[in-house]
Structure formats: C-alpha cells, structure tokens
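All remarks here apply to the structure that follows.
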Amino acid sequence: ADRHLAGPAAAAEDISHSAESIHQDLRFKATAERIYEALLDEKQFAAITGGAARIDRVAGGAFSLFDGRIKGRNVDLSTNRLVVQAWRSEAWRPTIYSIVRFDLSRQGDTTRLIFDHTGFPVGEAQSLFSGWKSHYWDALEKLV
C-alpha cells in the first residue's frame, strides 16, 4: 500500500531535521521608520549598501538588489513595522526561494529588529550570516 494514502501520519524519512535558519535580535539607533525606508526605498537602499536596487514597494512587488545578485518579492508589508520577502541569491537554482522577515519595534531610544531567514539551501547559513552583517547590519548601524 502507498503510505502517502494511509492518512496524515508522516513516516520519519518524510521529515527533514537538517534545515538551517538565521535568527537575530538586533538594536539600531535609527527609528523604525528610517530602517523601513532604507529597506524598501530603492534610492536609500542603494545609497546605504552601495549596490544598485530596484524595489516595487507593495505586497507582491518584485525587487532586485546588489546589481541583481539578490532577487525576490515582497510578501507582506506593514508600514514601519514588518517586511516579509521571498528572497533568493542568483547563485541558487532558479526555483529556490527563502523567506526573510524584518520585524521592527521601538525599544526606548533604539529600534529593535528581529530578523529571521529560513528556507535557504543547506550549507549556506554561514555565508548568509556574514552577508547580512556586512551588507545590511553594518549599513543600518550608520543610520541615525
């Protein structure tokens, strides 16, 4: 009998336990509004990161960052609070997209950014972690 037709219980080999993800809890001096704009305004994004950007800043809108090396779509946007993107590197197979989530909130005189990146190819975590720091966090640190 086909085990997939037997009901909702999954066999152990159907569940992956090797997925990688990145979760960071960061603080920035800039306001949530300033960070949100830096993430979604193509001129501001290009100015702080140094790479050309095209960003259609609506839910469902496409983006191309760092001279086309990163592409995707905005999945969910909540002004000055939340950016969720389907995100991919040009180095990945064309059908591979990961999910990136920037959750912004005011914490005293700083902005708290809870960041999650999931669904990327196994083996990419260290490179992505370093890339987020050098291409995003270091740039956002300079905003006031």
Side-chain angles (χ1 to χ4, degrees), residues 3-4 7-144:
R3 66 181 157 80
H4 296 289
E13 65 269 16
D14 291 339
I15 299 171
S16 170
H17 296 283
S18 63
E20 296 179 308
S21 64
I22 297 170
H23 173 82
Q24 293 181 281
D25 191 336
L26 305 153
R27 301 289 189 289
F28 295 97
K29 293 176 198 165
T31 65
E33 293 81 6
R34 182 76 175 98
I35 293 171
Y36 186 86
E37 287 301 312
L39 293 172
L40 292 174
D41 181 87
E42 56 193 42
K43 289 179 182 165
Q44 289 185 51
F45 187 93
I48 69 164
T49 64
R54 301 286 297 157
I55 304 169
D56 182 1
R57 54 182 297 158
V58 298
F63 62 83
S64 174
L65 311 173
F66 303 106
D67 304 309
R69 291 190 305 274
I70 303 299
K71 294 183 178 178
R73 290 203 175 270
N74 295 314
V75 175
D76 192 11
L77 301 173
S78 179
T79 305
N80 303 328
R81 262 198 59 250
L82 180 69
V83 175
V84 180
Q85 298 174 323
W87 191 98
R88 61 173 271 91
S89 166
E90 70 176 352
W92 300 349
R93 287 193 333 248
T95 58
I96 303 295
Y97 281 85
S98 60
I99 297 295
V100 172
R101 180 183 173 96
F102 304 87
D103 193 343
L104 302 166
S105 62
R106 196 72 186 153
Q107 299 284 304
D109 61 350
T110 64
T111 296
R112 180 181 188 189
L113 189 161
I114 298 175
F115 173 78
D116 288 289
H117 190 175
T118 60
F120 51 82
V122 172
E124 294 284 322
Q126 191 57 54
S127 173
L128 289 167
F129 183 86
S130 297
W132 286 111
K133 180 178 182 343
S134 63
H135 297 299
Y136 280 75
W137 313 149
D138 290 350
L140 292 175
E141 275 292 325
K142 297 173 187 170
L143 296 177
V144 288

Taking all non-hydrogen atoms of both residues, which atom of [X] and which atom of [Y] are closest, and how far apart?
X      : Y      : value
Ala52  : Ala46  : CA-CB, 4.4 Å
Ala139 : Ile48  : CB-O, 3.3 Å
Ala53  : Leu65  : CB-CD2, 4.0 Å
His117 : Leu128 : CE1-CD1, 3.8 Å
Arg88  : Ile96  : NH1-O, 2.8 Å
Lys71  : Ser64  : CE-OG, 3.9 Å

> Do side-chain atoms of Glu20 reach the backbone of Phe120 as a donor and acceptor pair under 3.5 angstrom?
Replying inline: no

> Counting distance only, does the side-chain N/O of Glu42 pair as donor-acceptor with the main-chain N or O of Ile55 below 3.5 Å?
Replying inline: yes

Using 0.5 Å steps for rounding, measure from the [atom1] atom of [X] to the [atom2] atom of [Y].
X      : Y      : atom1 : atom2 : answer
Trp87  : Trp92  : CH2   : CH2   : 5.0 Å
Phe28  : Thr111 : CZ    : OG1   : 9.0 Å
Thr49  : Leu140 : OG1   : CG    : 9.5 Å
Arg101 : His23  : CZ    : NE2   : 11.0 Å
Ile22  : Asp116 : CD1   : CG    : 9.5 Å
Ser78  : Asp103 : OG    : CG    : 9.0 Å

> Does Glu90 pair with Arg69 as a salt bridge, N-O distance under 4.0 Å?
Replying inline: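 Result for this pair is no, no salt bridge flagged.
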
>> Does this structure show an ion pair linking Lys133 with Glu141, if we count only N-O contacts that are shorter than 4.0 Å?
In response: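 So Lys133 does not pair with Glu141 through a salt bridge.
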
> After noting the C-alpha distance and the side-chain angles of Arg57 and Glu37, does the key distance pass the side chain to side chain contact (heavy atoms under 4.5 Å, CB included) rule?
Replying inline: CA-CA 10 Å; Arg57 54 182 297 158; Glu37 287 301 312; 2.8 Å; yes

>> Which residue is it: Tyr36, Tyr136, Phe63? I am looking for the one with a ring-ring contact (aromatic ring centres under 6.0 Å, His included) to Phe45.
In response: Tyr136

> How far apart are the C-alpha atoms of Ile70 and Ser89, what are their side-chain angles, what is the distance that settles it, and do they pass the side chain to side chain contact (heavy atoms under 4.5 Å, CB included) test?
Replying inline: CA-CA 5 Å; Ile70 303 299; Ser89 166; 4.1 Å; yes

> How would you list, by chain and number, every residue that makes a salt bridge (charged side-chain N to carboxylate O under 4.0 Å, His left out) with Asp25, sequence neighbours excluded?
Replying inline: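 Expected list: Arg27, Arg112.
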
> Who pairs with Val75 by side chain to side chain contact (heavy atoms under 4.5 Å, CB included), at least two apart in sequence or on another chain?
Replying inline: Val84, Ala86

>> As a quick check of understanding, evaluate salt bridge (charged side-chain N to carboxylate O under 4.0 Å, His left out) for Glu33 and Arg106, giving each step before the final call.
In response: CA-CA 10 Å; Glu33 293 81 6; Arg106 196 72 186 153; over 6 Å; no

>> Which residues pass the ring-ring contact (aromatic ring centres under 6.0 Å, His included) test with Tyr97, not counting sequence neighbours?
In response: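 Not a single residue meets the ring-ring contact (aromatic ring centres under 6.0 Å, His included) criterion with Tyr97.
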
>> Checking Asn74 against Gln85 for the side chain to side chain contact (heavy atoms under 4.5 Å, CB included) test, could you report, in this order, the C-alpha distance in whole Å, the side-chain angles of both residues, the deciding distance, and whether it holds?
In response: CA-CA 4 Å; Asn74 295 314; Gln85 298 174 323; 3.0 Å; yes

